[in-house]
Number of protein chains: 2
Amino acid sequence: MINLFDNISEKEMLKLKKILKSNSQIFKKNVNVLSNVNRDDFIALIEYGSIELIYTDYEGSKTVIEELSAGEVFGTLTSSIKNEEISCFTKEDTKITFIEYDQITNDDIIKTDFYIIFIKNLIKILTEQLNTRNIRIELLTKKTTRDKLLSYFKYIDKKTGGGSKTIKLPLSYTELASYLSVDRSAMTREITSLKNEGFIKTKGRKITLLY
Amino acid sequence: MINLFDNISEKEMLKLKKILKSNSQIFKKNVNVLSNVNRDDFIALIEYGSIELIYTDYEGSKTVIEELSAGEVFGTLTSSIKNEEISCFTKEDTKITFIEYDQITNDDIIKTDFYIIFIKNLIKILTEQLNTRNIRIELLTKKTTRDKLLSYFKYIDKKTGGGSKTIKLPLSYTELASYLSVDRSAMTREITSLKNEGFIKTKGRKITLLY
DNA sequence: AAATACTTGTTGCATTTGCAACACTTTACA
DNA sequence: TGTAAAGTGTTGCAAATGCAACAAGTATTT
């Protein structure tokens, strides 16, 4: 996973943050980060901690769009935060650096050596997020829970190198059900069937793929 | 919807394309655009015509990820095209301009006046695509076909200005079923129920929202 | 260390959904 | 223009899924 300041030294990074007129804030656990934030276009970088982006629809029902942790980025570029349909809650004590989007092309920064690196990092981050979304869409369009699970396991396997055939789930089963948008109990039922039919073996969150 | 060359004059655009060493190709209908394309990082701009991005999973089953038309952009930045799981077919005669990603930071272009405009356009495009994906994820995570439909209609209403209460579907019902990942006949059944229960009225692809 | 909050597995039952098959209409194109 | 292809509406039936409720296990917090 790429970081906004990859290939930029610590020293340059501090300089860059200053030129960008960035502003850092520390939030306690379970706090709505965007409640008093100016919703002009901005980029938010998680320095430490983690957050959840939550979408609330016209009926008031909520969906977790994404969970992000240290080093990751969110903001008006990656979610339609402006429309106030998206809220952002800390999952633990979290420090966030805010950068106004317009600043990324201010006169001072354009003159720096590392401007192009910074921009390329930003583009790369957006690209990675797009791929993340594409994969989730691909999983969500599967017709059955079984297909969702088998495809998800393959995806994790591939992402973590592939070949080993034993994967470790990066989420709890409860979170996985939510990610795949299936009822948790129905999902557990399906996992039990997959075990009985010899597709997988499980031990806690470790899953051995036999297909 | 933003275009890669928005706020850049025709003349500058031609200059820019030259500096970027871009390469244009015309494809007939129903052709696999990426079959002989170098899959290094690239940006593809649809000059005219339209295409479909199709994902093929490990089992060989296919999902349409996106349909794109004139002015829109795809490429390794917006989909994991490199892994060859994604193919791209023309839906009609289509002209595409390819730009190698590394060229967007070549020495000549950085010196031009419109470089920052170009980069901002590119970032904006990626951002819009992310929002498009977020919305689809939001719809796909709805538990019932009814919720998917009602939310989708609201979304189209909002996207096209809102308020009028009569929307025109931008896709066929068959395509909509695929987009929402539900069985077409089951979806039609649900639409019929929605009509009977007074949530909507329909006339072809025109739908009046009464909720 | 106890209390409280989350996670996981299980099951019966009602509901929703997908599937298959068909008729009819509309659109594309040779 | 006539034929093929694609889109739409409908229905019965089987299968998959969501829901509710509960028990037991793990983590967290104070």
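The structure displayed is predicted, hence computed values, not measured ones.
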Requested in this report: Rounded off to whole Å, could you give me the CG-to-P distance for the B/Leu150 and C/dT16 pair?
Outcome: 14 Å

Report task. Please state how far atom CE in B/Met187 lies from atom C1' in D/dT8, giving the value in whole angstrom units. Result -> 10 Å

Query raised in the report: Think A/Lys203 has a side-chain N or O under 4.0 angstrom from the OP1 or OP2 of C/dT8?
Result: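 Indeed not, no polar side-chain atom of A/Lys203 lies that close.
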
Requested in this report: Mind checking B/Lys29 for me? I need base, sugar-phosphate or nothing, with any heavy atom below 4.0 Å counting as a touch.
Outcome: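 Touches sugar-phosphate only.
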
Query raised in the report: D/dT17 P sits how many Å from A/Leu149 CG, rounded?
Result: 9 Å

Report task. Provide the closest heavy-atom pair for A/Leu139 versus A/Tyr152 in the form atom of the first, atom of the second, distance. Result -> CD2-N, 3.5 Å

Query raised in the report: Under 4.0 Å between a Lys/Arg side-chain N and an Asp/Glu carboxylate O for B/Asp102 and A/Lys120?
Result: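 A salt bridge is present here (some side-chain N lies under 4.0 Å from a carboxylate O).
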
Requested in this report: Begin from the C-alpha positions of A/Lys195 and A/Thr202 and carry the test side-chain hydrogen bond (donor to acceptor under 3.5 Å, both in side chains) through to its verdict.
Outcome: CA-CA 8 Å; A/Lys195 285 195 279 192; A/Thr202 73; 3.2 Å; yes

Report summary line: Here the distance between atom P of D/dG9 and atom OH of B/Tyr173, to the nearest Å, is 6 Å

Query - Spacing between A/Leu140 atom CG and D/dT17 atom P, to the nearest angstrom - result: 13 Å

Report task. Whole angstrom is fine here: how far is it from CG in A/Asp147 over to P in C/dG18? Result ->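 Going from A/Asp147 (CG) to C/dG18 (P), I get 12 Å.
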
Query - Under 4.0 angstrom between A/Thr174 side-chain N/O and C/dC6 OP1 or OP2 - result: no

**Report entry** Whichever of A/Arg184 and A/Thr145 has its nearest DNA chain D nucleotide further upstream toward 5'
**Finding:**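 Comparing both residues, the 5'-ward one is A/Thr145.
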
Query - Between C/dT7 (C1') and A/Leu169 (CG): distance, integer Å - result: 13 Å

Query raised in the report: Considering only D/dT10, D/dT17, C/dG18, which nucleotide approaches the side chain of A/Thr144 most closely?
Result: D/dT17

Query - Base of D/dC19 paired with side chain of A/Ser185 (donor-acceptor, under 3.5 Å) - result: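 Indeed there is one.
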
Query raised in the report: Are there more than 12 heavy atoms of other residues, nucleotides or ligands under 6.0 Å from atom NZ of A/Lys17?
Result: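 More than 12 heavy atoms, drawn from other residues, nucleotides or ligands, come within 6.0 Å of this atom.
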
Report task. Taking only the side-chain heavy atoms of A/Asp183 (C-beta and beyond), determine which of D/dG18, C/dT17, C/dC29 contains the nearest atom. Result ->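 For the A/Asp183 side chain, the nearest candidate turns out to be D/dG18.
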
Requested in this report: Identify which nucleotide among D/dG7, C/dT7, C/dG18 has an atom closest to any side-chain atom of A/Arg205, counting heavy atoms from C-beta outward.
Outcome: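 Per side-chain heavy atoms of A/Arg205, the pick is C/dT7.
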
Report task. Write down the distance between CG (B/Asn30) and P (C/dA30), rounded to a whole number of angstrom. Result -> 11 Å

Report task. Considering just the side-chain nitrogens and oxygens of B/Lys143, establish if one lies under 4.0 Å of OP1 or OP2 belonging to C/dT15. Result -> no

Query raised in the report: Taking for each residue the nucleotide of DNA chain C with the nearest heavy atom, is it A/Thr192 or B/Ser181 whose nucleotide lies nearer the 5' end?
Result: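 By nearest-heavy-atom nucleotide position, the 5'-most residue is A/Thr192.
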
Requested in this report: Would you indicate what B/Thr188 reaches in the nucleic acid, counting non-hydrogen atoms under 4.0 angstrom: base, sugar-phosphate, or nothing?
Outcome: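 Base, at least one base atom sits under 4.0 Å.
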
Report task. Could you grab the distance from atom CG of A/Asp183 to atom OG1 of A/Thr188, nearest 0.5 Å is fine? Result ->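 Here the rounded value is 8.5 Å.
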
Query raised in the report: Quick one: on DNA chain D, does B/Arg189 or A/Glu190 contact a more 5' nucleotide (nearest heavy atom)?
Result: B/Arg189

